[in-house]
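Single-structure report; data block below.
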Amino acid sequence: MAQRECVRIVEVGPRDGLQNISQFVATEQKIGLIRRLADCGLKEIQIGGFVHPRAIPQFRDIRRVAAETDGLEDVKLTALVPNLRGVQDAIACGLRKLIFFFSISRSHNLNNVRRTPEESLAALRKIREETLSAGIELRVDLATAFGCPFEGRISEDAVLRSVEKTANLGIREITLCDTVGFGNPRLVEEIVRACRERFPEVVFGMHFHNTRGLGLVNAFAAFQTGIRIFDTALGGIGGCPFAPGASGNTATEDTVFLFEEMGIPTGVDLPALLETARHLREILPDVPLTSALSRAALPRGAAIP
Ligand code: ZN
């Protein structure tokens, strides 16, 4: 393994993990969870979305969550923004990095955000102008990069075209999302290699769902192809309304374990993270945690400090 490399784990549990959970998680619990995650050494945490409360009722308290986690030291707190209004609200609440998303698949974008991809790109253009003048970082997530529940396989060309249109707007951080867990390691390798070769100016991250159990092997394939940024959710929570019953995001604790066991630093304190996963179980008694490490103890003499 090449020396002195490390990976950045982006915790998406408070956003992707909670957004589809119908039970409202109390504001204090959200704030407490985000603080604990920061204490575990996670340097980037998605705290929610500045969306209409009718669209995602779970985030109706986003302003308070943002206000009460503002100023956490050494941590970048980020939020999802679907439109200009969300961007302005998020900036007013002190967020310094925002995430816009759209689907490469036309059908998924229409179903998910009721816009064509062209309409999403037009919105992105305005959002980019706004964040640029406010000095705010903007990352773009491309959903269905490895397959779509409506359209099936997404071609490499379609992925490259969406990346190109996004990069042409000046976006330099793009996350390829396996929204419903259709990716496999070989496909991931092909897509990542093509994207990195074509767009060396863009920093790519990966967002895998473990819908059919391939989350970690996909992460490893992406790592081997040069990716160093991974979205994960504590406990493997999160799902997709179009894949009912499926397990959620690749789990943070399993991903941290994977890399640390290989001697690749993540900066995350795994025992503290497992303690936080136990806390999450108390917050969400009705949501099963799907991470392997929420069921198994750490091996004796594990490489974890
Ligand atoms: Zn997701």
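Counting starts at 1 for both ligands and their atoms, following the listed order. Starting from 1, each residue takes its place in the sequence as its number. Note that the structure is a prediction, hence the values are computed from the model and not measured.
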**OP:** Decide yes or no on salt bridge (Lys or Arg N to Asp or Glu O under 4.0 Å) for Glu68 and Arg35, but give the supporting numbers first.
**Re:** CA-CA 10 Å; Glu68 306 234 354; Arg35 289 181 177 277; 5.7 Å; no
Run the side-chain donor-acceptor check on residues 193-205: report pairs under 3.5 Å with partners two or more places apart or on a different chain.
| unit_1 | atom_1 | unit_2 | atom_2 | d |
| --- | --- | --- | --- | --- |
| Arg193 | NH1 | Glu189 | OE2 | 3.4 |
| Arg196 | NH1 | Thr225 | O | 2.9 |

**OP:** Could you tell me whether a side-chain N or O of Arg139 sits under 3.5 Å from a main-chain N or O of Leu98, the two making a donor and an acceptor?
**Re:** no
Original post:
With a cut-off of 2.8 Å, which protein N/O/S atoms are close to the Zn ion (ligand 1), if we only count those under it?
Top reply: Asp16 OD2, His207 NE2, His209 NE2
Original post:
Residues in ring-ring contact (aromatic ring centres under 6.0 Å, His included) with Phe230, at least two apart?
Top reply: Phe259
Original post:
Would you say the side chain of Val113 lies within less than 4.5 Å of the side chain of Phe101, judging by non-hydrogen atoms?
Top reply: yes
**OP:** With sequence neighbours left out, write down each residue that passes side chain to side chain contact (heavy atoms under 4.5 Å, CB included) with Thr116, or none if nothing qualifies.
**Re:** Arg106, Leu110, Glu118, Glu119
